[in-house]
Amino acid sequence: MTDAAPGTGATVEAAPAVRSVCVFGLWHLGTVAAACLAESGLEVRGVDLDPDVIRDLKAGRPPIFEPGLEALIDRQLAAGRLLFTASPREALPGADAVLIAYDTPVDGDDRSDLTPILAAVDEIGRWADPGALVVVSSQVPVGTCEALEARLRERTGAAGLGVAYCPENLNLGRAIDTFLSPDRLVIGADTHAAAARTRSLFAGVRAPALVMSRRSAEMTKHALNSFLATSVSFVNEIADLCDVTGADVVDVVRGLKSDSRIGPRAFLAPGLGFAGGTLARDIQVLRAQGEARGMATLLLDATLAVNRSRVALVERRLAREYGDLADVEVAILGLTYKPGTSTLRRSIALDIGQRLAAAGCPVRGFDPMVRPGAPEVPFRACADAYAAADGADALVIATEWPEFRDLDFVRIHAAMRRPLVIDCKNHLDPESLAALGFHYAGTGRPVRKPGATAERGC
C-alpha cells in the first residue's frame with residue numbers, strides 16, 4: 001500500500017473530487033443509488049447487462065416500485081445528469097469511480113451468489129480508466145473486496161484500480177431518504193486515499209462517515225443485519241410465550257422500549273419474522289465464516305431456526321380454531337414481503353399461502369401492489385380486499401399496508417362466512433374489530449371475541 005491503512009474512526013483526508021460515476025447493476029439498490037447520486041450533482045452513467053432493464057429505465061420505469069423513485073429518475077434524465085446503457089464499453093471509460101450496486105442474489109438456503117459481481121469486475125477491468133476507484137455497495141462476505149481487488153490487478157496489471165467498501169443503507173419503501181440521509185456511512189478502505197475518494201463520491205449524502213478497514217466494514221454489515229434479525233426472532237419468541245401465558249406482547253414491547261438501554265427505535269415488532277433474503281443472507285455468511293474456522297455460532301443458528309418456524313403461525317392458529325383445515329377458505333391481505341414495495345421475493349405471505357393450500361385450504365389474496373392474477377402468486381390474487389374476503393373463514397393480515405386500517409370492515413364482516421381475523425402484524429385495533437362482531441387473534445396478544453372477555457392470543 002502506498003499510504004497507511006485507516007483505522008476505526010480515522011479522519012477522511014482531502015482527495016480529488018469525484019465528478020462522474022458509473023453505477024454497475026440496476027435493480028433496486030442500483031437504480032436508487034444512480035438517481036440519488038445524480039440528484040447530488042454527479043454525472044451518472046448506469047449500466048446493466050440486461051437490455052430489458054435498460055429499456056424500461058430509459059422510459060423512466062424502475063424495475064421495482066419505490067416511493068418517489070420514478071419521479072426522481074425522470075427529473076435526472078431530463079436534467080442530463082443520468083443516462084442508462086447496457087454497454088460497459090460506453091459507461092465505464094472516463095468515470096472517476098465505479099459503484100458496484102447489484103442486489104446480491106441468494107440461493108434457496110440464503111447463501112450469497114457473487115456471479116454478477118464477478119462479471120461486473122471483469123467488465124470494469126476491461127473498460128474502466130486505470131485511476132478509477134471501485135466502490136462495492138452490494139452485500140458481500142468478509143474478504144470479498146480484497147479478492148475483487150486481486151482479480152482486477154491480475155486482469156489489468158493496473159495498480160491504480162483500488163477497491164473500497166461502502167455497504168448499502170437502503171430501507172425498502174424509504175430508500176431515497178435512507179440513501180441521502182442515513183444514520184451514518186460506513187467506509188471500508190485500506191488506504192487513506194481510497195477512503196477520501198469514497199467520501200467524495202458520497203459528498204451529497206448527509207451523514208457522518210465511519211472509516212475502517214474493508215474487512216471490518218464487511219463484518220459491520222453482517223453484524224448489523226444479524227443483530228436486527230436476532231431482535232426479530234427474540235421478540236417473536238417472547239410473543240409465543242405471551243400466547244401461552246396470557247400476557248400481551250404489545251405491552252411487553254412498550255416496556256422494553258421504555259428502557260434507555262434498548263430505546264424506542266429498537267427493532268422489536270412481533271410478526272411473521274424476517275423475509276426478503278437480506279437479513280438471512282448475512283446470518284448465513286457469518287455461520288459459514290464460523291463453520292470454515294471450526295467455530296460454533298449458536299445464537300445465529302437459533303435466530304434462523306426461530307425465524308423458519310414462523311411460517312407455520314397461521315396454520316397453527318387455524319388448526320386451533322377449526323381443527324381439520326380442509327375446505328377452510330382463507331383470504332390473505334398483504335403479499336409483498338413488506339409495505340411500500342412491489343417485491344414478492346422471499347415473501348412469507350406467499351409461503352403461508354402455499355402451506356395452507358397444501359393442507360386443503362382454498363386461498364385468495366390481495367395486495368395494493370400486486371395485480372389480479374399475477375403469475376408470481378401461487379394462489380388467486382384478487383382485485384381488492386373485499387373480493388378476497390368474500391366467503392372466507394379467516395382473514396389473515398400478513399403485510400401491514402396502512403390502507404388496510406381504512407377498509408370497510410362492516411362490509412368485510414358481511415362478506416365472510418366466518419369472521420375470524422388473524423392479524424400476524426398486530427396492525428389492526430382488536431377492540432374495534434370485536435365490536436363489529438369479529439373474532440380477533442393477534443400475535444402474542446389476548447384473543448378478542450364478540451361479547452366475551454379477552455383470552456389468550458394466537
So Tyr440 and Asp429, do their side chains get closer than 4.5 Å, heavy atoms only? no

Proximity of His413 and Phe438 rings by center, below 6.0 Å: yes

With a sphere of 6.0 Å drawn around CD of Glu237, does it hold more than 12 non-hydrogen atoms of other residues, nucleotides or ligands? no

With a 4.5 Å heavy-atom cut-off, do Phe409 and Leu428 have their side chains touching? yes

Going by atom types alone, do Thr297 and Asp301 pair a side-chain donor with an acceptor below 3.5 Å? yes

Could you tell me whether Asp240 and Arg310 make a salt bridge, using a distance below 4.0 angstrom between a side-chain N and a carboxylate O? yes

Considering only heavy atoms from C-beta outward, does the side chain of Phe379 approach that of Val330 to under 4.5 Å? no

Using a strict 4.0 Å threshold on nitrogen-to-oxygen distance, state whether Glu66 and Arg174 make a salt bridge. no

Within 45° of the axis and under 6.0 Å from the centre of the six-membered ring of Tyr386, does NZ or CZ of Arg411 qualify? yes

Taking the basic N atoms (NZ, or NE/NH1/NH2) and the acidic carboxylate oxygens, is any pair closer than 4.0 Å for Arg448 and Glu431? yes

Within-4.5 Å side-chain heavy-atom neighbours: Pro63 and Asp56: no

Please tell me whether Thr85 and Glu90 have a donor and an acceptor in their side chains that are separated by less than 3.5 angstrom. yes

If you measure only the distance, is there a donor-acceptor pair under 3.5 Å linking the side chains of Thr230 and Ser233? no

With a 4.0 Å cut-off, would you call Arg19 and Asp96 a salt bridge? no

Arg405 bridged to Glu400 by N-O distance under 4.0 Å: no

Between Asn169 and Lys221, is there a side-chain donor-acceptor contact under 3.5 Å, judged purely by atom types and distance? no

Pairing of Glu146 and Arg215 as salt bridge, 4.0 angstrom limit: yes

Determine whether the side chains of Ser213 and Asp190 contain a donor N or O and an acceptor N or O closer than 3.5 Å. no

Tell me whether Ser347 contacts the main-chain N or O of Leu335 through its side chain, where contact means a donor paired with an acceptor under 3.5 Å. yes

Could you tell me whether the side chains of Arg281 and Asn225 share a donor-acceptor contact shorter than 3.5 Å? no

Do Asp251 and Arg254 come within less than 4.5 Å of each other through their side chains, counting heavy atoms only? yes

Is any NZ, NE, NH1 or NH2 atom of the basic residue among Glu43 and Arg45 found under 4.0 Å from an Asp or Glu carboxylate oxygen of the other? yes

Is any side-chain heavy atom of Tyr337 closer than 4.5 Å to a side-chain heavy atom of Thr399? no

Val205 side chain near Leu185 side chain, heavy-atom distance below 4.5 Å: yes

Would you mind reporting whether Val134 and Leu148 have side-chain heavy atoms less than 4.5 Å apart? no

